[in-house]
Engineer: 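Supplied in structure tokens, the structure appears directly below.
Every chain is numbered from 1, with letters handed out A, B, ... down the list of sequences. Both backbone and side-chain heavy atoms feed into the values below; hydrogens, waters and symmetry mates do not.
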Amino acid sequence: MVIDMRLSKYFIPTLKEVTADVQMPSHKLMVRSGMVRQLAAGVFSWLPMGHIVLKKVMNILRNEIDSIGGQEFLLPALNPIDIWEETNRVEAMGDVMFHIKNRDGLILAPTHEEVITYHARQHVKSYRDMPMVWYQIQTKFRNEPRPKSGVLRGRQFIMKDAYSLDSSWEGLDENYQKHYEAYCNIFNTCGIKFFVVGASSGAMGGKQSQEFMVESDAGEDLCAISDSGYAANIEVATSKVNPVGRIAEDLAIEEFATPNAKSIDDLVEQYHIPEHRCAKSVVYMVDDKPIIILMRGNDELNENKLESILGTNIFRPATSEELITYTGANGGSIGPVNLKTNIRVIADNLLKDANGLVSGANKDGYHYKNIDFARDVEIKEYYDLRTIKEGEPNPMDGEPIRIVKAIELGHIFKLGTKYSDAMGATFLDSDGKEKPIIMGSYGIGVERVIACYIEQNYDKYGIKWNKELTPFNAHIVGLNTKKSEEVREACEKLYNELQSNSLDTIYDDRDDSVGVKFNDADLLGVPIQIVVGSKNLANGQVEIKYRESGEKILVGLEEALAKVKAYYSA
RNA sequence: CGGGGCGUGGCGCAGUCCGGUUAGCGCGUCUGGUUUGGGACCAGAAGGCCGGAGGUUCGAAUCCUCUCGCCCCGACCA
């Protein structure tokens with residue numbers, strides 16, 4: 001069925017202006033070009049042209065995931081809460097999960113590990129049943145506290161989510177690698193400039209994960225990258241900073257009065273202590289138990305690193321009452337020596353074996369100096385706990401790190417057995433033993449692909465689609481179609497010719513002034529515009545304009561089809 | 001959840017401090033006419049419970065209270 005894509009009939013409501021609070025270029029253009037309309041905060045309707053682009057992206061996703069052996073499912077958004085309780089994720093998701101009010105026991109699924117594991121548990125019972133890659137392209141619901149940037153962060157969004165089932169860890173590695181490559185192919189095909197970073201698994205659990213990122217000021221993630229190839233999400237990024245180390249003098253530990261020093265900056269300023277020889281103490285409560293974290297000078301604690309060390313995300317900074325109860329002092333005078341109670345102390349790697357350090361005396365208004373971590377304190381646990389900073393040498397080759405903002409387009413995880421353990425999804429291995437299925441999960445935000453593409457491909461006039469994503473192959477701009485029968489006929493001829501050659505063509509047959517038509521054509525951004533006007537037509541010619549380059553050429557009416565064909569077969 | 005801002009014809013906005021004609025402007029829409037290679041022009045017209053509820057007042061888009069919605073910053077985030 002060929003759809004009538006004459007603009008006089010086809011619903012593409014373009015706009016000259018959008019409300020002032022639309023900030024991102026891609027958001028603005030998606031609204032102006034009639035691709036989407038907002039229905040509620042974080043909830044969008046996709047209009048016909050936007051929907052076509054969505055389907056194009058989905059097809060690219062489908063082709064790639066099919067080619068690595070994916071089998072497409074369509075899983076329900078309504079889920080029984082029971083399976084989520086099995087994995088303890090009702091609590092872990094918290095407010096992010098939508099709960100159905102008038103039907104107990106149903107939730108709206110924010111992701112689908114549980115459903116997949118449920119079906120795997122039913123039917124995948126032998127190592128012979130694996131490997132499997134199951135996937136779907138479907139709508140997710142997340143009660144985001146703050147939806148933003150148009151379609152980039154919504155409460156309802158479409159995700160391509162894939163899950164691998166393996167009987168061995170080697171199998172998982174293989175499936176993970178296949179997805180890595182498929183994801184690169186997908187974003188390359190879409191024409192999106194991206195980079196990959198090592199990432200934190202967060203509440204998803206698992207042992208390894210990587211994110212596919214697009215650099216953008218609108219991004220919500222910070223990434224540490226260097227030109228030589230190091231790339232990591234700031235949540236997990238490390239750097240090669242020299243440890244604090246030892247000084248020659250071997251002085252005895254000594255208390256001294258610091259009545260006006262409440263911060264590291266004060267110590268540095270008032271007592272001329274080098275910043276890196278101050279050991280900062282931060283107290284957190286984990287499961288109602290205090291823990292002291294020692295950091296170098298004004299280094300910042302990285303809570304994501306802390307989370308993976310503690311193995312839980314349920315912790316918080318201690319209150320001032322708790323500080324006094326457990327350490328004996330208020331914030332600003334806390335340290336590892338002379339603690340009031342026996343509590344767990346962990347320290348950043350940079351402080352290991354250091355001496356000549358200054359830290360709080362756990363007595364308001366006093367600090368110790370000449371602290372030797374090898375002599376005066378007994379700290380068994382040293383970890384990488386700091387948030388790295390711009391310019392530090394990367395851990396691979398020492399090239400300086402740049403920190404950039406980025407949008408997360410895709411994320412691949414080695415889940416391991418977290419879900420299969422929790423839900424009892426086991427199989428019989430060749431050795432006759434029952435084992436948990438080894439899983440991976442792999443997601444791409446479909447709307448984000450489109451927004452990021454536009455973010456990288458527009459000018460002041462509108463969108464610039466490439467061959468892969470463009471909603472239409474050609475855009476016929478008929479000038480003065482109302483008055484000129486010749487123009488009308490030429491347009492119709494072209495339109496039918498292109499359509500019957502399977503080239504999706506939109507035809508602007510509206511009775512509008514030329515300016516409106518040219519501007520809408522540039523706004524919609526179809527790669528090839530064919531301008532049909534009576535002046536050129538008098539010479540049997542039409543004008544072809546390439547949206548990307550702006551190049552315009554005159555060709556004979558009967559050559560236009562060939563030009564369009566040539567463009568798409570190149 | 002904390003801080004800030006905004007809800008006025010389909011769209012974008014002014015008016016709100018300091019209450020008082022018939023609530024304006026641009027775009028769009030409709031009718032007629034003139035135009036036509038980069039968002040045309042003339043003439044006419046339709047279209048509003050000023051987000052909602054309550055209150056103050058002779059009188060409320062405007063002041064007060066409550067409420068709903070949306071945006072931005074922060075917190076949070078798979």
Side-chain angles (χ1 to χ4, degrees), chain A residues 13-24 27-28 31-32 34 37-44 84 87 89 92-97 109-114 140-150 152-155 157 159 161 199-206 209 211 218-222 233 235 303-304 307 313-314 316-317 407-408 410-413 415 418-419 441-445 460-462 477-484 487 508 510-523 529-538 541-543 545 550 552 554:
Chain A
T14 58
L15 253 25
K16 268 201 261 197
E17 49 190 4
V18 292
T19 179
D21 49 45
V22 171
Q23 297 294 326
M24 282 188 77
H27 185 191
K28 202 175 286 188
V31 173
R32 284 194 54 213
R37 287 293 181 268
Q38 181 168 331
L39 219 211
V43 181
F44 286 82
W84 290 83
T87 58
R89 282 172 107 198
M93 292 286 169
D95 280 342
V96 170
M97 187 185 271
T111 172
H112 284 263
E113 281 78 11
E114 277 75 2
K140 305 272 180 271
F141 296 87
R142 296 184 188 181
N143 187 16
E144 293 290 346
R146 183 146 95 84
K148 58 183 285 202
S149 306
L152 271 188
R153 177 167 292 274
R155 295 208 166 110
F157 60 96
M159 183 187 268
D161 47 325
S200 149
S201 312
M204 292 291 292
S209 86
E211 290 168 327
E220 301 177 90
D221 285 87
L222 292 175
N233 194 305
E235 295 170 351
E303 291 198 349
N304 290 284
E307 175 182 337
N313 64 347
I314 303 170
R316 59 172 173 83
I407 297 165
E408 180 187 342
H411 202 159
I412 56 179
F413 295 86
L415 293 177
K418 175 178 162 137
Y419 296 91
S441 99
Y442 317 89
I444 289 179
K460 64 176 174 173
Y461 302 108
V477 180
L479 305 180
N480 307 319
T481 37
K482 190 180 183 188
K483 209 173 193 180
S484 165
V487 169
D508 192 346
R510 295 173 301 176
D511 181 24
D512 268 306
S513 69
V514 297
V516 170
K517 295 190 176 193
F518 283 134
N519 280 300
D520 271 356
D522 288 345
L523 174 62
Q529 298 170 13
I530 305 172
V531 181
V532 183
S534 40
K535 283 177 195 167
N536 287 323
L537 207 53
Q541 289 181 311
V542 296
E543 179 188 287
K545 175 178 166 183
K552 296 175 186 173
L554 283 174

Engineer: Please confirm whether the backbone N or O of A/Arg146 pairs with a side-chain atom of A/Glu144, one donor and one acceptor, at under 3.5 Å?
Structural biologist: no
Engineer: Sticking with atom P, work out how far B/G12 lies from B/U35, rounded to a whole angstrom.
Structural biologist: 35 Å
Engineer: When you measure from the side chain of A/Lys16, which nucleotide among B/U36, B/C27, B/A75 comes out closest?
Structural biologist: B/C27
Engineer: Among A/Asn536, A/Val542, A/Leu537, A/Asn480, which residue meets the side chain to side chain contact (heavy atoms under 4.5 Å, CB included) test with A/Val487?
Structural biologist: A/Leu537
Engineer: Rounding to the closest angstrom, what is the interatomic distance between B/C41 and B/U36 at atom C1'?
Structural biologist: 11 Å
Engineer: Which value, rounded to the nearest 0.5 Å, describes the distance between A/Asp520 atom CG and A/Asp508 atom CG?
Structural biologist: 7.0 Å
Engineer: For A/Gln38, which contact category applies under a 4.0 Å heavy-atom criterion: base, sugar-phosphate, or nothing?
Structural biologist: sugar-phosphate
Engineer: Nearest whole angstrom, please: distance from the C1' of B/G39 to the CG of A/Asp522.
Structural biologist: 11 Å
Engineer: With a 4.0 Å cut-off on heavy atoms, is A/Arg32 in touch with a base, just the backbone sugar-phosphate, or nothing at all?
Structural biologist: base
Engineer: Please state whether the base of B/G26 and the side chain of A/Glu17 form at least one donor-acceptor pair under 3.5 Å?
Structural biologist: yes
Engineer: Figure out the NZ/P separation between A/Lys28 and B/C72, and round it to whole Å.
Structural biologist: 13 Å
Engineer: Is A/Asp95 touching bases, backbone alone, or none of the nucleic acid, heavy atoms closer than 4.0 Å?
Structural biologist: nothing
Engineer: Report yes or no: is there a donor-acceptor pair, N or O only, under 3.5 Å between the side chain of A/Asn536 and the base of B/G37?
Structural biologist: yes
Engineer: In this structure, how many angstroms lie between the C1' atom of B/G33 and the NZ atom of A/Lys482, rounded?
Structural biologist: 10 Å
Engineer: With a 4.0 Å limit, can you tell me whether A/Thr19 has a side-chain N or O closer than that to the phosphate oxygens OP1/OP2 of B/C13?
Structural biologist: yes
Engineer: Measuring from the side chain of A/Ser513 (C-beta onward, heavy atoms only), which nucleotide among B/U36, B/C70, B/G37 has the closest atom?
Structural biologist: B/U36
Engineer: Please report the distance, rounded to the nearest Å, between CD in A/Glu220 and P in B/C73.
Structural biologist: 9 Å
Engineer: C1' atom, B/G7 versus B/U62: distance in rounded Å?
Structural biologist: 15 Å
Engineer: Let's test this: given Watson-Crick or G-U wobble pairing with both distances under 3.5 Å, identify the partner of B/C1.
Structural biologist: B/G74
Engineer: Go through it in stages, so that I can follow the logic: the residues are A/Val531 and A/Lys552, the test is side chain to side chain contact (heavy atoms under 4.5 Å, CB included), and I'd like the CA-CA distance, side-chain angles, deciding distance and then a yes or no.
Structural biologist: CA-CA 10 Å; A/Val531 181; A/Lys552 296 175 186 173; over 6 Å; no
Engineer: To the nearest angstrom, how far is A/Asp512 atom CG from B/G38 atom C1'?
Structural biologist: 13 Å
Engineer: Considering only the C1' atoms, how many Å lie between B/U56 and B/C63, rounded to the nearest integer?
Structural biologist: 8 Å
Engineer: Using a 4.0 Å heavy-atom cut-off, does A/Lys140 contact any base of the nucleic acid, only the sugar-phosphate backbone, or nothing at all?
Structural biologist: nothing
Engineer: What is the pairing partner of B/U34, taking Watson-Crick or G-U wobble pairs with both distances under 3.5 Å in any strand?
Structural biologist: B/A40
Engineer: Can you tell me the base-pairing partner of B/A45? Count Watson-Crick or G-U wobble geometry only, both distances below 3.5 Å, and say none if there is no partner.
Structural biologist: B/U29
Engineer: Confirm from the modelled atom types if A/Arg153 and B/C77 form a donor-acceptor pair under 3.5 Å, side chain to base only.
Structural biologist: yes
Engineer: Assuming nearest nucleotide by heavy-atom distance, tell me which of A/Ala40 and A/Gln529 is located more 5' along RNA chain B.
Structural biologist: A/Gln529
Engineer: Could you work out the separation of B/A61 and B/C42 based on their P atoms and round it to a whole Å?
Structural biologist: 34 Å
Engineer: Applying side chain to side chain contact (heavy atoms under 4.5 Å, CB included) to A/Arg32 and A/Leu523, what does each step give before you reach the verdict?
Structural biologist: CA-CA 8 Å; A/Arg32 284 194 54 213; A/Leu523 174 62; 3.9 Å; yes
Engineer: Measuring only the C1' atom in each nucleotide, how far is B/A46 from B/A53? A whole number of Å is fine.
Structural biologist: 31 Å
Engineer: Which nucleotide wins on minimum distance to the side chain of A/Pro145, given the candidates B/C77, B/A75, B/C13?
Structural biologist: B/A75
Engineer: Using side chain to side chain contact (heavy atoms under 4.5 Å, CB included), reason through A/Val31 and A/Leu15 one step at a time and then give a plain yes or no.
Structural biologist: CA-CA 7 Å; A/Val31 173; A/Leu15 253 25; 4.0 Å; yes
Engineer: What is the base-pairing partner of B/A23, counting Watson-Crick and G-U wobble geometry with both distances under 3.5 Å?
Structural biologist: none
Engineer: What is the distance, to the nearest angstrom, from the CD atom on A/Glu408 to the P atom on B/C77?
Structural biologist: 13 Å
Engineer: I'd like to know if A/Lys418 pairs up with A/Glu113 as an ion pair, taking the criterion as any Lys NZ or Arg NE/NH1/NH2 lying under 4.0 Å from an Asp or Glu carboxylate oxygen.
Structural biologist: no
Engineer: If the P atom of B/G3 is compared with that of B/U67, how far apart are they to the nearest Å?
Structural biologist: 14 Å
Engineer: Scan A/Pro13 against the nucleic acid and name what it touches under 4.0 Å (heavy atoms): base, sugar-phosphate only, or nothing.
Structural biologist: nothing
Engineer: Send over the distance from A/Asn143 CG to B/C77 C1', rounded to a whole Å.
Structural biologist: 12 Å
Engineer: Would you say the base of B/G37 and the side-chain of A/Asn480 have a donor-acceptor pair closer than 3.5 Å?
Structural biologist: no
Engineer: Could you check A/Gly150 against A/Gly533 and say which one's nearest nucleotide on RNA chain B is further toward the 5' end?
Structural biologist: A/Gly533
Engineer: Find the distance A/Leu15:CG to B/U29:P and express it as a whole number of Å.
Structural biologist: 12 Å
Engineer: A/Asn233 and side chain to side chain donor-acceptor pair (under 3.5 Å): which partner among A/Glu211, A/Glu408, A/His411?
Structural biologist: A/Glu211
Engineer: Among B/C72, B/G38, B/C70, which nucleotide sits nearest the side chain of A/Arg146?
Structural biologist: B/C72
Engineer: Pick the C1' atom in B/G15 and in B/G26, then give their distance to the nearest Å.
Structural biologist: 15 Å
Engineer: Would you mind pulling out the nucleotide paired to B/G7, Watson-Crick or G-U wobble, both distances under 3.5 Å?
Structural biologist: B/C68
